[in-house]
Structure formats: structure tokens, C-alpha cells
Amino acid sequence: MFEEVSPQFTFADREKATLDFWREHHIFQKSMELHKADPPFVFLEGPPFANAPPGVHHVLARIMKDAVCRYKTMTGHYVHRKAGWDTHGLPVEYQVEKQLNITNKAELEAYGVQNFIEKCKENVFQYEQEWRLMTERIGFWVNLDDAYITLSNDYIESVWWVLRQAWDKELLYQGHKVQPYCCRCGTTLATHEVALGYKTVEDPSIYVQFPIKNKENTYLLVWTTTPWTLPSNVAIAVGEDYDYVCVEHEGQNLILAAELLPKMFAEEQPRVTTRYKGHELLGWHYEPLFDFAETAQSGARGTVPHALASASERAYSIVAADFVTLEDGTGLVHIAPAFGQDDYDIGQKYGLPLVQLVAPDGTFVTEVAPWAGEFVKDADSGIIENLAGRGLLLKADEYTHEYPFCWRCDTPLLYYARESWFIRTTAIREQMLQHNQQINWYPEHIKEGRFGNWLENNVDWGLSRERYWGTPLPVWTCNTCGNQHCIGSIAEMKEHGQMAADASVAQGPGTRNVPIPDDIELHRPYVDDVILTCKKCGGTMQRVQDVIDCWFDSGCAHTAQWHYPFENQDMLTQAYPADFISEAIDQTRGWFYSLLATGTLLYDKPAYKNCLCLELIMAADGQKMSKSRGNTVDPWTILNEQGADAMRWYMFTACPPWAQRAFKLEGIDEALKKFMGTLHNVYSFFVMYANIEGSSVQSVTQGPAPHELSLMDKWLLSRLHTTIDTVRTEMESYHLTNASRAIEAFIADLSNWYVRRSRDRFWGAESGPDKRAAYATLYEVLVTAAKLSAPFVPFLADELYRNLVGSLDDEAPVSVHLALYPVADETLKDAQLEADMAFVREVISMGHAARNRSGIKTRQPLSELTIGGLSEGQQATVTYLAELVHAELNVKSISFTKDMNAFAQVTLKPNFKVLGPKYGKNVQAIAKTLATADATSLKAELDATGSLQVGTFTLTPEEIDVQTQHREGFFVEADAQKFVALATEVTHELKLEGLARELVNKIQNLRKTADFNVADRIQLSLTATSLVHEAFEAHQDYILRETLTTEVVESPRENAFSRVESLNGEEATLSVLRV
RNA sequence: GGGCUUAUAGCUCAGACGGUUAGAGCGCGCGCCUGAUAAGCGCGAGGUCUCUGGUUCGACUCCAGAUAAGCCCA
């Protein structure tokens, strides 16, 4: 016996029971142990941040990973599922700063780095519990108790080892990076922070004249909105292909872009004296506007961070740059490498000096004598006056534009070159591109599109962050000789280092230093106290202050999750590269890149083979989900109400995971009703009747006996095995949506066709081979469907499986997740039968339409259905499956006709697909002729002669499409090829039969209203018109059998359940009583 | 500003290779069927396949441009 399926339930509650079962019986662990010896399938978990509660997009990512891992497990792979946590980085620092009301570095240092770091550690796992609960509740099987954590010493040590590899390959170097910088907070800002603080402001807009060397009275006209960067100017850029002119203006010669001349001199156009192409200007030298840089170079050390170290030949000359536009300005762009990334890059390209005359606090250095100590933006007016006084200013206006301000303190940001550490990824670019070719991307366009482009345009990875909470950059610099060294392990650090007794003092290896403890915490500020002895000069080395980009942390996951190479040497060879990763598309430049970059750097192999790229989830209104819009969805409301399976199924089937999805709760309800409801109904139908049948269906576990199968059974099994094939194929190529949709289509067929047409085989029929076959088939199909859907709806699938299999078979695995995935049995597939069934269903569907049009209800039998337009083969198919047509349409006989005209209108059209290539242009002429001629006689000619003469062309039947449309006034339904027509005459006999079916229907309804059990036998009495009695007499056996009536009495007993009904207009009083 | 993606019914989505009646589900209205139902079946309404050009005998499909939305980068 199976466990009864209660009609009162919610999926969400059932899922909790299943979770308990999994927990109690350690099903996840068992599923791993079961496949320990199988070939591994390597899954690499992208570590989430647990400092915010999980949202629906996290659910999406986790269930996609889960379905793939479950599928691979069930198909015989060992899938190690190590969880991970990302823990470092600015977001954490910001949250803690906010919490502590800290607004800048000075306040932070005053609070104490040590205290701050401890707060960060707490903050990172603020929502870990919630993540755990969510992960478990949605059925994501991952080992959270053996997670890799990027803040652990082991992890950091591995990351250090990776950095050391880069160092040894000379791929780790120090340079400069221009970054948005708040000089009040003393902090660079991340892009998203910059975006927070844009304001519309008025800035100076000035046109400055740079005197050309060796050309009397000739000037380069340059436009800028940041006068304060002019003292740091080192070059002027032009567009090589642009046209430039020299014009005479108020006694001076000015050079600017030809195209901008009208804009520049709105009123009177000056006279053009000479024309140049941009490239002709390259290499021209000009006089710097100020000489502060020269002073700074020879001045006191340290006051100018990066003065003119060696004035290159190129300094103060004209260079080419492709970012020069002709939209604004003069087509001549002032270049100050310290204050713009574009400028910096140009500086690197041409070997220009880096002139930096602004101190980190945003004021001019002492060498800029007139404005020393003044905030640079405040100095703008002074600079303008100065230039005007020297006759170097053509024009000064105000300019309204968007400028970024610090979102915390409202100070205007400066783009400012900071010392920075880089990974020379450009050196491994070609390898990365090659490795990218070996990765299967889903969707495919990522490979050449977004990701490929990103790699093509690769620049060196800016690795360092001037922050606190992160993996410390393990580079130490000698205070004495400047020698640098990268540490690659704790052991190495211990061997060569000590803990400084007073870290604030750069001191020699003195007596007060102590050895590094075994359990040294690798974070700042602890590691900052470590001093090394310089191998070159014996001096003291101190660690550079920076921490590294947290993307580098997670990018090392393939290696650092194992604490490789310090432990688990064997794991790396087994688990690299990963077979499968999946994250959202915003990881293209994030984790997808960082994994590939580190993997290429270390092993010269791609880090992963298959990458399932998820799109972001939009709110129901199509807008981005955000707290401020109030359109976010809390996964828990869904998990508690509709349940995890419904949410999962919705996400698998609604649209491909790489398509943008508007997240709709109605969609989840639909998944619940349409798929889960349907599957559950078939299941409960089976359980209900199987339990009534009792022991006679115990044999179902042996599977259906082939010789006993009906056509419907064979069809269903064929559909099942075709579906298995489809699902496997789609899953192998990570098309989870196609796979799950195939299952959904199968379940729809199972319920709406197989069960619908086979009900009486389960109910009421005598025991025998056919009944046994029906039970065995449905049982087999349900169990297989449970396995097939297990990766997608693990809860429902397991519930079905456990009841269906667990109740009968003690030998079988206790959970569907310990079973093997179904394999298609080719011998059970019958493509012809499937096609035939589809065709007959189409005919039946048209019959339904015709009946509908006639207004005669289906319970009323009709004598004949005429079908036209079928080929011989199609006729044979209908005849073969005629039983279904009879049953569905309630007609006594089926006939075929060739006479289209009686029922349908015929039109002839060329078969474009065949004739198009053959006759080209003439196809349209043929179509016209066929359309205008009398179709009926053409059809007659075609039928008689086997061909048709159209103009000069002779057409064969294959070259012509005969199309039909139903004629109005007939109970006929037609599609392009065929039609069905219904004989609507109701004879006396048919009328009686119709009444008999009415009686059955009403009695059944009465039983239901009276709340009888399905198997209860009844006593029946009937008082009605003579016609109804005649029908009752004529079909008594049928009526009694269908309604389980064992006794018919003249007048009802007192306690009988009675009702007056109208049967096709005939009145009848029906009474039923349980016996 | 650059790169990538998307645009088909009120909503969510299918539509290999270009072939002439563009489909499904949901929703809506009407009818039917039903002792499996959180069902099912049928009919109806609902589409200038975002727009404009081009290639072609023929374009939802290929090409170019535009518009809108989204993501990433600047």
C-alpha cells in the first residue's frame, strides 16, 4: 500500500518534511559517498558575500548550480561541492565605517586599525545564518561546513603564494594609477561611489596660449576646465588625422583645429595663414606655462611626490592621442599625466615625465610658490589672472557640467595619480585569449562578445588598494636601499622576519624585536608589524601599506580553496580546471576574468571549461530591483507560501537564465499549478486507485510486460524515453530551460492525454492483463518522471519517489537523489507512433471545434464523423487509432471522403519552398494565376491528370499546396490541409443513449454531493418521464456499472439522497443511498 | 562616448536552414467535459513580429541605420 495522498496540503509544508528527511538520513552526504569512485565533475562555487541578506538573484544562481550538480551526480559523477565565502573589500569597510560613524582615514586610524579590522570580521558574517537557512531551504546542496573563506590565514597564504608566482615571473610591479580621489578623506573612491556624487557645477572654461618654441609670436590654443592642472602640464595632444590651421588674431598667430574655428571665433573669422594635418605638428616643442616643475626637481626632496625626474626629450611637445575630439575646445588637449588616466597612458606611451605638484591633501606644494598650501580648486582664479597678466589667456568663461563630489564629505574629487601595484596581465593576454577559446560559454555570445572584447582590450590589473580590510600585499621594501621582496608563505616570512617591537618606528633589526608567532594574524595591522632583513644591504624592510583587490582573492579560489600548495597537492590536479561555474553576467569583468587571469598566470590553462552566465533579475515592473524603488522581492515570502520547487521551476522554465527576467509572482503560481499541480494530480490519482486495487498491483515494480501494453501505454513510454533523451541532451549543453520545458510538456501529455484517455482502465474494469499493463505503465512513468525531474524539483520528486518506490521496494535507494538518472531505452521509442498520435490528436481537436460549433454537447452521441483531405497513410493512422476518436468525440463511426467541395472551400497555392528555387521570379506569376482561376476545376484537373498546366509551366501535385477553409453553415472544421464534418442528426436511439449518459453524469454528481466514497455501492431509484425510463431500460447495464448501483428500487427510502434534475429537458427525480 | 544583449498577442515565452494562415501557456469572455484535479477540452477576442531602408521571386528570420530597455566600461 502507498501512503494516502491527502487532498489538504501545501507544497511548502511538504517540502519542510522532505528537508527533515534529508537531514535525518544525511541524503546529501550519501549522494556524495555513493559516487566517490565515479569520475569527478568539478564544480567551483563563486563565493558570495554574507554581509547582506540573500535576494532572489542569489536564489537563481544557487538553483542553477544545484540543478547541474544534481544532474551530474545522478548521471554518475563525483561532484565535490565546497561552499565559499567572499569576505574582504571596501563594501565591508563602508558598512563598518557607517556603523562607527567614521568618515575618513584619520578618524579610522584614531579609532584603531586593529579594532576596525575586528569589526569587519564580525560584519562579514552578519547574515551568514540567513544565507545558510536560504541555501538549505531552496535545496541547494553544498557543503557549508567545509567552506573556503577568503579571510582565513590558509586562504591568504595561498593568495600570497599566487602573488609570489607573479613576482617571480616579473608580472607584479609598481606603477601609478589615476584614480578619483577625495583629498579630505584621503581616499580613492570606487566607481560606484563616484557615481553617487555627481553634481552640476560651473567651472572655469579657459582658452590658454602655449608659446611655440622657435616660432615668434605663435601659440597653441588649448582649452581646459581645470586650470589647476596647468602647472603639471607636460604635453599637448592632437588628433593625427584632423586638420589644423594657423590664424592671425589680434596680432598673434594661433593654432587650432580647423573645424572648431567657427565655434571659437563666433563673430569675425580670423584669416587663415597656414594649414596643417595633425601628424605634421607632432614633435613640436613649446614653452611650459610655469617653471614650478623645474624648481621642484632641484628643490627639497620629498615635498614633491613625483617631480620631473629627468626631463625627457618629449616633455613639452606635441603628441598624438585618439581621444582628442572636435566636439569642444580647440582640438588641442592639455596633458597632465598626474591627473587623468588618458593623460597618464599617453605619458607612458611617450615616456613623458610625471609632474605632480599637488600634495595628497589637495593643496599645491611649496614649489608652486604663488599658491602653495592653497586648495587647488580655489587657486583656479589666481592661475587665470596670472595667465591673463602674461597675455597667455585668450578667453575665460564659465562652463556648466557634471562633476563628481565625495559622497561622504562633499569635497570635489580630484583625478589623481597614486602609486599603485599592478599585475602585468597584458603580458599573458594572448594566452588568456587562447584559453577563452577553450571555454564553453552559455550563452555563446559572451565568448567573442563581452568577455572576448574585454580580454582584447586588457590593461594591467590595478591590484592594490590603499585600505585596511583585505589580503595584505606581501611586498616588503627596504628602508635603506629600496630593495623589494615578495613573500610567498608564512614559513618564509617567519624565517626572514621578526615582529617589530614598535611598528611605528622604522628601525633596524634591534634587540627589542620578537620572533613572529606561529599563529600570526595575516591581516593589517598585525602583519604591518613584521619587519624583514634586507638580503641586499641588511637593512630593515617594511611592508608596503596596501591591501589587494578582493577580486584577486576570489580569483584565486581554484587554488586557495585547497590551501594549495601548502596542502592538498593532489586536489589541484584533480580539480583544475573546474568543469563548471555559474554566476551573473556582471562577473564578466569580475570573477570570470579574475579566475581566468590567475589560472593563466599560474598554470597556463583555462580555469573553467563551462560557464553558465546568468542575467540579472528585474522587478515585476521591468525596472531594476532596488530597495529605494521598493520593488524587491524577499525570497522567503515565496519559499514560505509557494515553496522552493515552485520558485525553482519558475526560474528554470520561464525563460533561459541568460535572458533578462521580470520577476513575477504570478509566474510562480503558474509553475505551481501547471507543472507541480499536474504532476501531483497524476500521482495522487495513481495512489488513490492503486490503493483501492490493493494487492493486485503489487507487481507494478516489475515493470510493464511488453506484450500486454496497449497503444496508449506504448505511446506514453515512447514519449517518456524521447523526453529522457531530450533532457539529457539539453542538460549536457547546459540548456536547463529546454530540459525542464521538455519535462513539462511530457507531464502535460501524461495528464491531459494518457490519463484522460485511460481512466477507465484503472477504474472499474475487470482485473486482467490490460489493467495490469495500465498500472505498471503509469507506475513506471511516474517513478521515471520523479527521477527525471529530481535535479529541478528535488522536493516533489523525492516525495513521489519515496512513496511510490519506498512503499514497495526495500532494496531500492531511499531517496530519488540516490538513484541513477534515467537512460532512454531505444527499443521503447516509436517515433512513428508519436507522430501518428499527434496527428490524430489534431483531428480530434478539430472534431471538438466542430462539435462546439454545432452546439451539441459531447455527452450526446452522434452517428458519423467525416474526414477529408487525408492521404492514404493518414487515413490508415486515423483508422488505427479510431478508438480514441470515438471515445473523445462520441461518434459512432468515422468515414473518409475525397469530396472536398461538399464541405470545404479549396484554394491552390504554389509550394513556394519547392517552386521558389526552381522558377525564381515566376513563382509570383504562378501564384497569381492560381489565385484568380477557379480552384475547384483546377483541383479536378489535378486529380484527373496528375498535373496542372499553369501558363507555360506544368506543375506536379507536390508543387501545389491544396488548402481548405470551412464553409459557413456546416458543422465543419478545416485547417490548411484537412477538414472534419459532423453528422448532426440525432436519431431516437442516439437520443436514448445520450439520456443514459446524462443519467450517469447526474447520478455521479449526486454521489459526490452526498459525500459517498469512490468505491461505495448504492441503491438507486428513479422517477422520470417515459423517455428517460426508456433510456434507462435500454442502457441499464451501463448505467448500473458506471455508478456502482447494486440495487434499483421503485421508491426511495426515507434517508436516501434525492434531487430533481433536468436531463436534456426531460425531468427526473434521482435518489441514491449507500448500501 | 564605447562594447555587448534584448525588442514577436494584455503578460511570460517558442518560432533549425529565408518559403506565403506566426504558435504555446497565463489572463479575459462564452461553452463543454469530469468520481484524479491547486485539473482538463473547445471556441472567441487579442499581432502593421519596435521603426526605417536594403538584399531577395519571397524577410519575423539576412544586412545597414534608428528608437527603447538592460548590463559592463569610460
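Lettering of chains follows the sequences in order, A, B, ..., and the numbering in each one begins at 1.
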Checklist outcome for this item: Among B:A38, B:G19, B:C26, the one nearest any side-chain atom of A:Leu672 is B:A38
Item to check | Minimum heavy-atom distance between A:Arg1059 and A:Leu1006, given as atom pair plus value | outcome: CB-CD1, 3.6 Å
Checklist entry - Taking any strand in view, what nucleotide pairs with B:U34 in a Watson-Crick or G-U wobble way, both distances under 3.5 Å? => result none
Checklist entry - Distance check: side-chain N/O of A:Asn681 vs OP1/OP2 of B:A38, anything under 4.0 Å? => result no
Checklist outcome for this item: Partner of B:C62 under the Watson-Crick or G-U wobble criteria, both distances under 3.5 Å, comes out as B:G54
Checklist entry - For the rings on A:Phe1057 and A:Phe1012, is their centre-to-centre separation under 6.0 Å? => result no
Checklist outcome for this item: Across every strand shown, the nucleotide meeting Watson-Crick or G-U wobble geometry with B:U67 (both distances under 3.5 Å) is B:A7
Item to check | Nucleotide of B:G58, B:C71, B:G35 approaching A:Tyr689 most closely (side-chain heavy atoms) | outcome: B:G35
Please list every donor-acceptor pair under 3.5 Å in which a side-chain atom of residues 918-926 of chain A meets a protein atom from a residue at least two apart or in another chain.
unit_1	atom_1	unit_2	atom_2	d
A:Lys918	NZ	A:Glu959	OE2	2.7
A:Asn922	ND2	A:Tyr919	O	3.4

Item to check | Separation of atom CG in A:Leu889 from atom C1' in B:C41, rounded to whole Å | outcome: 11 Å
Checklist outcome for this item: Taken to the nearest whole Å, OH/A:Tyr779 to C1'/B:A36 is 19 Å
Checklist entry - Should A:Asn752 be listed as having a side-chain N or O under 4.0 Å from OP1 or OP2 of B:C41? => result yes
Checklist entry - If we call it a pair only when both distances are under 3.5 Å in a Watson-Crick or G-U wobble match, what pairs with B:G27? => result none
Checklist entry - Between atom CD1 in A:Ile926 and atom P in B:G19, what is the gap in whole Å? => result 19 Å
Checklist entry - Under the side chain to side chain donor-acceptor pair (under 3.5 Å) criterion, do A:Thr426 and A:Asp460 qualify, and how do the steps go? => result CA-CA 6 Å; A:Thr426 46; A:Asp460 286 346; 2.6 Å; yes
Checklist entry - A:Arg589 has a side chain; which of B:C73, B:C13, B:C71 sits nearest to it? => result B:C73
Next on the checklist: What is the separation between atom CD1 on A:Ile617 and atom P on B:U12, rounded to the nearest whole Å?
Outcome noted: 15 Å
Item to check | Closest to the A:Arg1007 side chain, choosing from B:A14, B:G35, B:G70 | outcome: B:G35
Next on the checklist: Please compare A:Glu615 and A:Gln860 by the position of their nearest nucleotide in RNA chain B and report the one closer to 5'.
Outcome noted: A:Gln860
Next on the checklist: Closest approach to the side chain of A:Lys673, judged atom by atom: which nucleotide of B:C4, B:G27, B:G40 is it?
Outcome noted: B:G27
Next on the checklist: Within the 4.0 Å heavy-atom criterion, would you say A:His680 contacts the bases, only the backbone, or no part of the nucleic acid?
Outcome noted: nothing
Next on the checklist: Would you measure the distance from the P atom in B:C60 across to the matching atom in B:U21 and give it in whole Å?
Outcome noted: 12 Å
Checklist entry - When you check the phosphate oxygens OP1 and OP2 of B:U37, does a side-chain N or O of A:Thr678 lie under 4.0 Å from one of them? => result no
Next on the checklist: Between A:Phe9 and A:Phe11, is the ring-ring contact (aromatic ring centres under 6.0 Å, His included) condition met? List the steps.
Outcome noted: CA-CA 7 Å; A:Phe9 73 100; A:Phe11 284 115; 5.1 Å; yes
Item to check | Syn or anti for B:A16 (syn when the glycosidic angle lies within 90° of 0) | outcome: syn
Checklist outcome for this item: Quick note, A:Arg756 side chain, CB onward, closest among B:A36, B:C4, B:G58 is B:A36
Checklist entry - Can you check the A:Arg1017 CZ to B:G35 C1' distance for me, whole Å? => result 13 Å
Donor-acceptor contacts under 3.5 Å from residues 745-754 of chain A side chains, at least two apart:
unit_1	atom_1	unit_2	atom_2	d
A:Asp749	OD1	A:Arg841	NH1	3.0
A:Asp749	OD2	A:Arg719	NE	2.8
A:Asp749	OD2	A:Arg719	NH2	3.1
A:Asn752	ND2	A:Ala748	O	3.4
A:Tyr754	OH	A:Asp713	OD1	2.5

Next on the checklist: If I compare all heavy atoms of A:Val633 with all of A:Val56, which pair ends up nearest, and what's the gap?
Outcome noted: O-CG1, 3.8 Å
Next on the checklist: Under 6.0 Å from the ring centre and within 45 degrees of the ring axis: does the NZ or CZ of A:Arg661 meet both conditions for the six-membered ring of A:Tyr650?
Outcome noted: yes
Checklist entry - In whole angstroms, how far is the C1' atom of B:G35 from the CZ atom of A:Arg997? => result 15 Å
Checklist entry - Think A:Tyr683 has a side-chain N or O under 4.0 angstrom from the OP1 or OP2 of B:A36? => result no
Checklist entry - Has the side chain of A:Arg741 got a donor or acceptor atom sitting under 3.5 Å from an opposite partner on the base of B:A14? => result no
Checklist entry - What's the closest nucleotide to the A:Lys664 side chain, out of B:C71, B:G35, B:U12? => result B:U12
Checklist entry - Between the side-chain atoms of A:Ser751 and the base atoms of B:A36, is any donor-acceptor pair under 3.5 Å? => result yes
Item to check | Interatomic distance, A:Lys921 NZ vs B:U55 P [rounded to whole Å] | outcome: 12 Å
Checklist entry - When you measure from the side chain of A:Val923, which nucleotide among B:C57, B:C13, B:G35 comes out closest? => result B:C57
Checklist entry - In terms of side-chain heavy atoms of A:Asn453, which of B:A14, B:A36, B:C4 is nearest? => result B:C4
Next on the checklist: By nearest atom, which of the nucleotides B:U21, B:A36, B:C32 is closest to the A:Lys857 side chain?
Outcome noted: B:C32
Next on the checklist: Counting only side-chain nitrogens and oxygens, does A:Arg661 get under 4.0 Å of the OP1 or OP2 atom of B:U12?
Outcome noted: no
Checklist entry - Would you say A:Arg859 reaches B:U34's phosphate, i.e. side-chain N/O to OP1/OP2 under 4.0 Å? => result yes
Checklist entry - If the C1' atom of B:U34 is compared with that of B:C41, how far apart are they to the nearest Å? => result 10 Å
